[in-house]
Structures are given as C-alpha cells and as structure tokens.
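These notes are about the structure you will find just below.
The shown structure was predicted, so the numbers you read here are calculated from the model rather than taken from an experiment. These numbers come from the heavy atoms of this one structure, side chains and all, not from hydrogens, waters or symmetry mates.
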Amino acid sequence: MKKVCLSLATLLMLFSCQKEENTIENQNTTTAKRSCASQEVLERQLQENPGLAAKMAQIEDFTENARLANKMVNGHIEIPVVVNVLYRTAAENISLTQIQSQIDVLNKDFNALNTDFNQVPALFSGVKANVGISFVLDQVIRKATTKSSWGTRDAIKKTKQGGLDPTSPTTKLNLWVGTIGGGILGYAQFPGGAAATDGVVIDPKYFGVTSNSGSSYPYNLGRTATHEVGHWLNLRHIWGDATCGNDLVADTPSHNAANYGAPTYPHYSTCTGTPVEMTMNYMDYTDDRAMYMFSLGQKARIDAIFLSGGPRFSFAQP
Ligand code: ARG
Ligand code: ZN
Ligand code: CA
C-alpha cells in the first residue's frame, strides 16, 4: 500500500513539474515577443526630471518600512543572542541550563506567553501587548577572570580591560553575565550608543530562573533581563526617571516614582488626574513576580527602532 502511494505521488509530481515547465516556456515566448515600454519611459523620465530619482528612492524606503512593519505585526523579528560569561567563582560560571532559562523567559515575556500575562487587571487589558520579538541563543563565550566585580563603566565589555568585546553587535544582542557590585542587578545601553559597548549586563545571581528560596529572590524569575532588554529596545522607566516624569509612551499612566516589592492593586498615582499606576509593567522596579506586561505604546516605540533609518534596522534584516 505504501509503495502504491509513493509511486502515485511521484507520478503526480512529475506531471505537475512538466506542466510548470510548459507554462514557463510559454511565458518566455510570450515575453520575448511582446515588450513593455515602462522601463524605457522611466529611464527617459529619470533623465528629464532631476528630482525623480530621489522621489523614487523615498518610495522604496517607504515600501521597505511597510514590509518591516508588516513583518513585526506578524511577530517575526528574531534576535540572535550572544552570552558572554565572565567568572571568577564556580557560581558565576552559570550553566547552559541557566542561560537557556533566561532566553526562554525573554521569549515568553516579549511574546505575551508568560503565564502571569492573564493577571493584567481589566483596566489595562486593552493596552497589554504582545511585543512579538523572539530571541535565539547564538553562542556562549566563557572567560575566567580575577575580578570580583565589574562596576558599570563597561570594563566587562572590553577585552583590553579584562572583559570580552561584543560579537557582531550590529546584528546580535550581546549579554554579559558578571558580578556588577553595588547592589546593581543589571544595566543596558539604549539605542544610539557605541556598537563596541552595545548590549546588556546582568549579574549571574539574577540571570535566568533561579530557586524561589535562594539569595536571588525576589529577582529570581529572569525579569531583570526582560527589563534591561526593554531599555536596549528604547524603553524608558515607566515613572520617567523623575517625579511624575514622562516615559514617552502615551498609554502608560504617570507614576510618581519607581515602585518596589509587589504593590497591591490598585495603586493610585498622585500625579495629575491621579491615575491607577501600571505597577505590573516590566519597566517599573517591582519584584520579578509583580511585573508581567508591556503596553501597546511601548511596543510601538520598540517597532520604530527596527524600521529603515532606525537605530536597530540592522537587526531587522532577513
Ligand atoms: N536596572 C535595575 C537595577 O539594577 C533592574 C531592575 C530590575 N527589576 C527586577 N524586578 N528584576 O536595579
Ligand atoms: Zn532600568
Ligand atoms: Ca506614559
């Protein structure tokens, strides 16, 4: 029975290929006989009209942007991730399992696949977003060091200073895992900075999903990277880094200041209009278990950086 099906399928394939060939042949003969003058007319117009070339280039730019915007709506931007591990102790030399757990969290949080996404209050359900960006572990680079902490002056990103230079930073997201010190969980570089220092640094204790009872709690669910990658994708803190400051996103309410811990809902702002604060947004400072959404306005800011002329256009290429 299997054989019959196979040969039948083969016959059908042969038949359809032949048919296709015939069509192609016919097309070729047709196009060879007739001709279309559009290209000649265009060439003449380009010669006669000095502004036309620039105008057509603009149309191409627009077309490319529309293609990319469409691609993003369908959720197909995929970012290769290079993880640079700088370790002195065995604990700092985190396992591949630990690394993959962080990639998994990024994929969940940026694709509305996090299990707590349904905890977003009804008040914000109209603006909660599926950002639609995926992350793929590209490579892990490990290097032993004698440094016990790296600080925030980017030494960890420089081979000459004992760290590791980024790998292909215009097409790959570089993450550095190393002890930062000073109670800092992580830090990111915003779009627009130097390629040589582009990426995100995370302390190994807060990289990936770690035990609920360990010393990483309450930053044990990998959301430090979600927050920092948010910055890397041009998102500001939700309180705008000032009292009732502006995060440049219209659908996030004004927050007085950063929120910590796991605030009880609703938490009211004292800013103009006393809105309910979106404390569950990844760009606040709450505990990992208390942050579980980006907003549509934040997604729009992210999408813009991948368009032609945008700072992360090089990541949007097929
Ligand atoms: N840059 C912030 C810090 O180092 C990260 C805050 C992340 N918050 C979190 N729940 N993981 O303090
Ligand atoms: Zn931050
Ligand atoms: Ca806002």
Next item on the list: Please step through salt bridge (Lys or Arg N to Asp or Glu O under 4.0 Å) for the pair Lys299 and Asp303, ending with a clear verdict.
Entry: CA-CA 6 Å; Lys299 172 182 164 54; Asp303 286 352; 3.2 Å; yes

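- With a 4.5 Å cut-off on side-chain heavy atoms, Val177 and Leu86 do not count as touching.
- In this structure, Lys205 does not pair ionically with Asp203, as no charged nitrogen and carboxylate oxygen lie closer than 4.0 Å.
- Side-chain contact, Gln98 with Gln102: no donor N or O sits under 3.5 Å from an acceptor N or O.
- Note that CG of Leu52 and CD of Gln47 are 11.5 Å apart. Values are rounded to the nearest 0.5 Å.
- Linking Ile, Leu, Val, Met, Phe, Trp and Tyr whenever their side-chain heavy atoms come within less than 4.5 Å puts Leu96 and Tyr87 in one cluster.
- Under the 3.5 Å distance criterion, the side-chain polar atoms of Glu43 are left unmatched by any main-chain donor or acceptor of Glu40.
- Exactly one of Thr171, Ile133, Val229 qualifies for a side-chain contact (heavy atoms from CB on, under 4.5 Å) with Ile79. That residue is Ile133.
- Aromatic ring centroids of Phe110 and Phe294 lie under 6.0 Å apart.
- Residues Phe207 and Val83 form a side-chain contact, since some pair of their non-hydrogen atoms from C-beta on lies under 4.5 Å apart.
- Defined by atom type and a distance below 3.5 Å, a donor-acceptor pair is present between the side-chain atoms of Gln189 and Thr197.
- A heavy-atom distance below 4.5 Å is found between the side chains of Arg44 and Glu48.
- Judged purely by atom type and a 3.5 angstrom limit, Asp138 has no side-chain atom pairing as donor or acceptor with the backbone of Val82.
- Checked by atom type, the side-chain pair Trp232/Asp198 shows a donor-acceptor distance below 3.5 Å.
- If you chain together hydrophobic residues whose side chains sit under 4.5 Å apart, Met280 and Tyr268 fall into the same group.
- Without hydrogens or angle criteria, Thr279 side chain to Pro263 main chain gives no donor-acceptor distance under 3.5 Å.
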Note to self: Is there a side chain to side chain donor-acceptor pair (under 3.5 Å) between Asp247 and Gln298? Walk through the geometry before answering.
What the structure shows: CA-CA 9 Å; Asp247 65 351; Gln298 288 174 324; 4.8 Å; no

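- With Thr63 contributing its side chain and Ile59 its backbone, the two residues share a donor-acceptor pair below 3.5 Å.
- Using a distance-only test at 3.5 Å, with no hydrogens or angles considered, a donor-acceptor pair links the side chain of Ser314 to the main chain of Thr170.
- Salt bridge Lys108/Asp104: absent, no basic N to carboxylate O contact under 4.0 Å.
- Residue Tyr206 is not grouped with residue Val105 when hydrophobic side chains (ILVMFWY) are merged at heavy-atom distances under 4.5 angstrom, including chains of intermediate members.
- At a threshold of 4.0 Å, the pair Arg236-Asp241 does not count as salt-bridged, since none of the basic side-chain nitrogens sits closer than that to a carboxylate oxygen.
- Two residues are said to be in side-chain contact when any heavy atoms from C-beta on lie closer than 4.5 Å; Trp176 and Val85 fail this criterion.
- Judged by distance alone, the side chain of Asp251 and the main-chain N or O of Gly297 form a donor-acceptor pair under 3.5 Å.
- Under 3.5 Å, the side chains of His237 and His231 contain a donor-acceptor pair of N or O atoms.
- Phe313 has its side chain out of reach of Phe306: every pair of non-hydrogen atoms, C-beta onward, lies at least 4.5 Å apart.
- Remark: aromatic rings of His227 and Tyr282 are distant, center separation not under 6.0 Å.
- Side-chain polar atoms of Tyr219 and Arg289 form no donor-acceptor pair below 3.5 angstrom.
- Considering only heavy atoms from C-beta on, Val249 comes within 4.5 Å of Ser295 through its side chain.
- Put simply, the side chain of Asn84 never gets that close to the backbone of Leu164: no donor and acceptor are under 3.5 Å apart.
- Asn220 contributes no side-chain N or O that, together with a main-chain N or O of Ser216, makes up a donor-acceptor pair within less than 3.5 Å.
- Looking at Asn174, its side chain never comes within 3.5 Å of a backbone N or O of Val81 through a donor-acceptor pair.
- Clustering ILVMFWY residues whenever any of their side-chain heavy atoms sit less than 4.5 angstrom apart, transitively, puts Leu175 in a cluster other than the one holding Trp150.
- A donor-acceptor pair is defined here as one N or O able to donate and one able to accept, closer than 3.5 Å; such a pair exists between the side chain of Glu92 and the backbone of Arg88.
- Phe62 CZ to Asn65 CG: the interatomic distance, rounded to the nearest 0.5 Å, is 8.0 Å.
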Notebook entry, point to check: Please walk me through it: do Tyr292 and Phe117 pass ring pair (Phe, Tyr, Trp, His ring centres under 6.0 Å)?
Noted result: CA-CA 6 Å; Tyr292 34 83; Phe117 192 61; 8.6 Å; no

Note to self: Please determine whether salt bridge (Lys or Arg N to Asp or Glu O under 4.0 Å) holds for the pair Asp116 and Arg223, giving the CA-CA distance in whole Å, both sets of side-chain angles, and the decisive distance to 0.1 Å.
What the structure shows: CA-CA 12 Å; Asp116 42 7; Arg223 272 153 175 180; 2.7 Å; yes

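- A donor atom on one side chain and an acceptor atom on the other are not found under 3.5 Å apart for Thr286 and Asn259.
- For Asp61 and Ser308, the side-chain atoms include at least one donor-acceptor pair closer than 3.5 Å.
- Side-chain contact of Ser269 with Asn256: a donor-acceptor pair under 3.5 Å is present, judged by distance alone.
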